[in-house]
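Working notes for the structure below.
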Amino acid sequence: MLLSCTDVRKVFGDHVILDGLSLDVAEHEVIALIGASGSGKSTLLRCVNLLTDIDDGAILLDGTEITDPRADPDKVRQKIGLVFQSYNLFPHMTVLDNITLAPIRVHKRPAAEAKDQAMTWLERVGLAAKAGAYPDRLSGGQQQRVAIVRALVNNPRLLLLDEVTSALDPELVGEVLTMIRELKGEGMTMVLATHEMGFAKQVADRVAFLDAGRVLEQGPPEQVLGDPLEARTRQFLGRIIEAGRL
Amino acid sequence: MKHKPSTRQLERIAYRRRQAIRSVLLAAVSTAVVGTLLAVGVTGAPGWDRVKQSFFDLDVAQRHLPAILDGLWLNLKLLVFCAAAALSLGLLIAVLRTLRGPVFFPVRAIATGYTYSFRGLPLIIVIYLYAFGIPGLRLQGTPDVLVLGGAAIVVTYGAYLAEVFRAGIESVHPSQIAAARSLGLSYRQAMRHVVLPQAVRRVAPPLLNDTVALQKDVGLISLAGPIDAIRAAQIGVAEDANFTPYIVAGVLFVLLALPLIGVTDWVTLRAARRQNAGS
């Protein structure tokens with residue numbers, strides 16, 4: 001297993017967000033996390049990236065416990081990319097500087113080499129012309145693709161995507177999903193929290209339905225989305241269909 | 001194809017133009033009325049001739065201008081040194097105050113205590129303490145009173161500027177730090193490359209505003225002995241029993257401040273534009 005979460009618990013005050021959640025992710029696997037708002041999808045991703053400390057359980061990456069307080073969180077994060085719903089590009093830097101910041105400052109790569117690598121990526125996603133532009137000059141879809149590239153140039157073992165299309169206008173969602181589909185083709189291991197059930201069906205090897213801080217059921221997308229075992233899952237999917245999102 | 005405005009739009013344009021002309025005329029008339037009233041009020045006052053003699057005497061102004069300019073040169077040198085030092089000190093203190101974790105408690109406590117006490121302490125008292133208190137210790141290698149006075153100004157202004165910087169740091173959204181950390185940057189690197197550049201840009205207008213205030217306050221160093229522009233003017237006033245040298249110094253200070261105020265306005269405007277450009 002590349003990533004292994006065991007009995008993870010996370011509490012904010014009196015509020016239990018993750019209540020003994022367990023989830024395994026194999027290398028090259030793509031897992032879609034679905035579930036209502038507040039079911040713990042984003043919190044789980046933030047815990048895996050060590051942006052929040054967990055209150056019990058353990059998270060292992062490549063068999064090593066990353067939630068061990070003696071582990072260096074900066075080193076762990078260098079192996080795990082995280083893409084946010086609101087892109088979180090650095091507004092005072094150009095697209096190119098956003099992408100090369102970590103390669104130059106964290107991985108100490110020569111600036112010219114980091115720039116070449118960034119340009120190769122930007123050309124691939126059709127944004128080479130925007131290399132010198134500031135993020136506020138880009139559309140939401142373009143910003144999100146830059147954010148994904150920014151995570152990828154670190155060559156992460158695992159990519160976490162936190163509702164990366166939720167802030168986008170409907171006609172911009174496609175360009176981001178296409179990019180994720182290509183990454184899957186290249187064998188990138190991904191965990192994505194999403195509200196796009198159709199996309200989860202297409203791209204995920206496995207869908208995990210989160211409810212009340214646990215994985216209530218998981219399995220192939222056709223089964224979980226088409227013929228769920230649990231009543232709660234059926235109820236959730238029923239509401240999604242009602243909203244016209246599936 | 002060029003768009004041809006409809007008659008309705010042409011009517012709107014004509015109306016707006018008439019309104020614009022009307023408001024320009026109104027502004028011109030009211031300015032003229034206020035200006036005339038002021039001029040008549042001041043020059044027509046019973047004591048105007050005496051005031052003119054003792055505050056606006058060209059001969060006196062000319063005689064003391066060189067000495068005041070000499071003093072102003074000292075103000076300018078002090079301003080450059082004190083502004084640079086106070087900005088650096090303020091930034092350092094602000095960053096120290098943001099450090100989290102029990103290890104940094106003493107650092108945080110000292111930084112917080114410093115900003116609390118030196119923002120409350122009147123600058124004049126700090127100058128007296130530094131310029132007369134420290135030499136009084138009779139230590140080997142005590143620096144010149146000019147350096148000590150400058151240090152007093154730096155320490156006092158550093159406390160104000162630290163709070164401005166801190167406000168800027170806290171205004172940067174936590175998601176920016178999360179994004180930087182998720183890329184593997186350490187806390188220091190995230191601060192240096194992501195948070196501080198945005199924070200400093202945001203608080204540039206108030207920082208420059210404090211620098212304009214500093215420009216006037218560096219003159220207080222004359223309390224410790226050195227002769228700045230205001231002290232030079234005061235000497236002139238005492239020699240000729242005429243207040244004109246003060247007016248000369250005042251005008252010079254305004255001229256000195258103009259470029260800095262101009263830069264402040266420009267930076268403020270640019271910041272506002274940049275923020276509106278987003279979203």
Side-chain angles (χ1 to χ4, degrees), chain A residues 42 45-52 72-93 97-109 133-140 143 146-156 158-162 167, chain B residues 87 91 94-95 98-104 164-208 266-279:
Chain A
S42 297
L45 297 184
R46 292 179 70 90
C47 288
V48 172
N49 203 234
L50 305 183
L51 288 174
T52 349
D72 179 358
D74 294 334
K75 287 273 179 295
V76 172
R77 292 195 194 100
Q78 290 167 24
K79 292 185 219 160
I80 303 176
L82 174 59
V83 183
F84 301 82
Q85 179 176 344
S86 48
Y87 338 126
N88 296 2
L89 293 178
F90 306 128
H92 61 296
M93 292 183 189
D97 290 339
N98 261 279
I99 298 171
T100 56
L101 177 68
I104 294 173
R105 301 292 167 186
V106 179
H107 302 280
K108 310 288 178 203
R109 304 248 304 276
Y134 285 89
D136 62 7
R137 296 284 157 204
L138 270 59
S139 75
Q143 290 192 48
V146 171
I148 296 175
V149 169
R150 183 174 71 173
L152 288 173
V153 289
N154 283 336
N155 300 318
L158 172 68
L159 189 62
L160 310 172
L161 302 148
D162 188 5
Chain B
L87 283 167
L91 184 59
V95 170
T98 66
L99 292 178
R100 292 282 159 262
V103 188
F104 295 112
V164 176
F165 277 119
R166 193 166 70 100
I169 290 170
E170 281 172 4
S171 79
V172 176
H173 199 271
S175 66
Q176 286 285 310
I177 300 178
R181 300 305 300 273
S182 82
L183 291 171
L185 271 74
S186 64
Y187 181 82
R188 259 181 76 155
Q189 288 174 320
M191 208 62 187
R192 153 98 179 73
H193 298 291
V194 174
V195 178
L196 286 181
Q198 296 185 58
V200 170
R201 253 163 257 223
R202 262 181 226 180
V203 295
L207 285 178
L208 283 165
W266 178 73
V267 168
T268 312
L269 202 70
R270 212 183 52 149
R273 269 208 209 113
R274 265 203 74 87
Q275 265 171 18
N276 293 338
S279 71

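The shown structure was predicted, so the numbers you read here are calculated from the model rather than taken from an experiment. Sequence lines set the chain letters: A, B, ... in the order given, protein chains first and strands last, and positions in each chain run from 1.
- Contact annotation for A/F84: only side-chain heavy atoms (C-beta onward) come within less than 4.5 Å of a heavy atom of chain B.
- Interface residue A/R46: only side-chain heavy atoms are found under 4.5 Å from chain B.
- With a 4.5 Å cut-off on non-hydrogen atoms, A/L160 does not touch chain B at all.
- Using a 4.5 Å cut-off between heavy atoms, A/L82 contacts chain B through both its backbone and its side chain.
- Most heavy-atom pairs under 4.5 Å with chain B: of the set A/I80, A/L101, A/D97, this distinction falls to A/L101.
- Of the atoms belonging to B/Q189, it is side-chain heavy atoms, and not backbone ones, that fall under 4.5 Å from chain A.
- Put simply, the side chain of B/P197 does not reach to within 4.5 Å of the side chain of A/M93, judged on heavy atoms.
- In this structure, the portion of A/L89 lying under 4.5 Å from any heavy atom of chain B is its backbone and not its side chain.
- Closest approach of A/H92 and B/V194 over heavy atoms only: CE1-O, 3.5 Å.
- Looking at A/D74, both its backbone and its side chain come within 4.5 Å of chain B, counting heavy atoms on both sides.
- In this structure a side-chain-to-backbone donor-acceptor pair under 3.5 Å is missing from B/H193 to A/A102.
- Taking all atoms of both residues into account, the shortest heavy-atom contact from A/N49 to B/S182 is OD1-CB, 3.1 Å.
- Here the closest non-hydrogen pair linking A/P91 and B/Q198 is CG-OE1, 3.3 Å.
- Put simply, the side chain of B/L183 reaches to within 4.5 Å of the side chain of A/N154, judged on heavy atoms.
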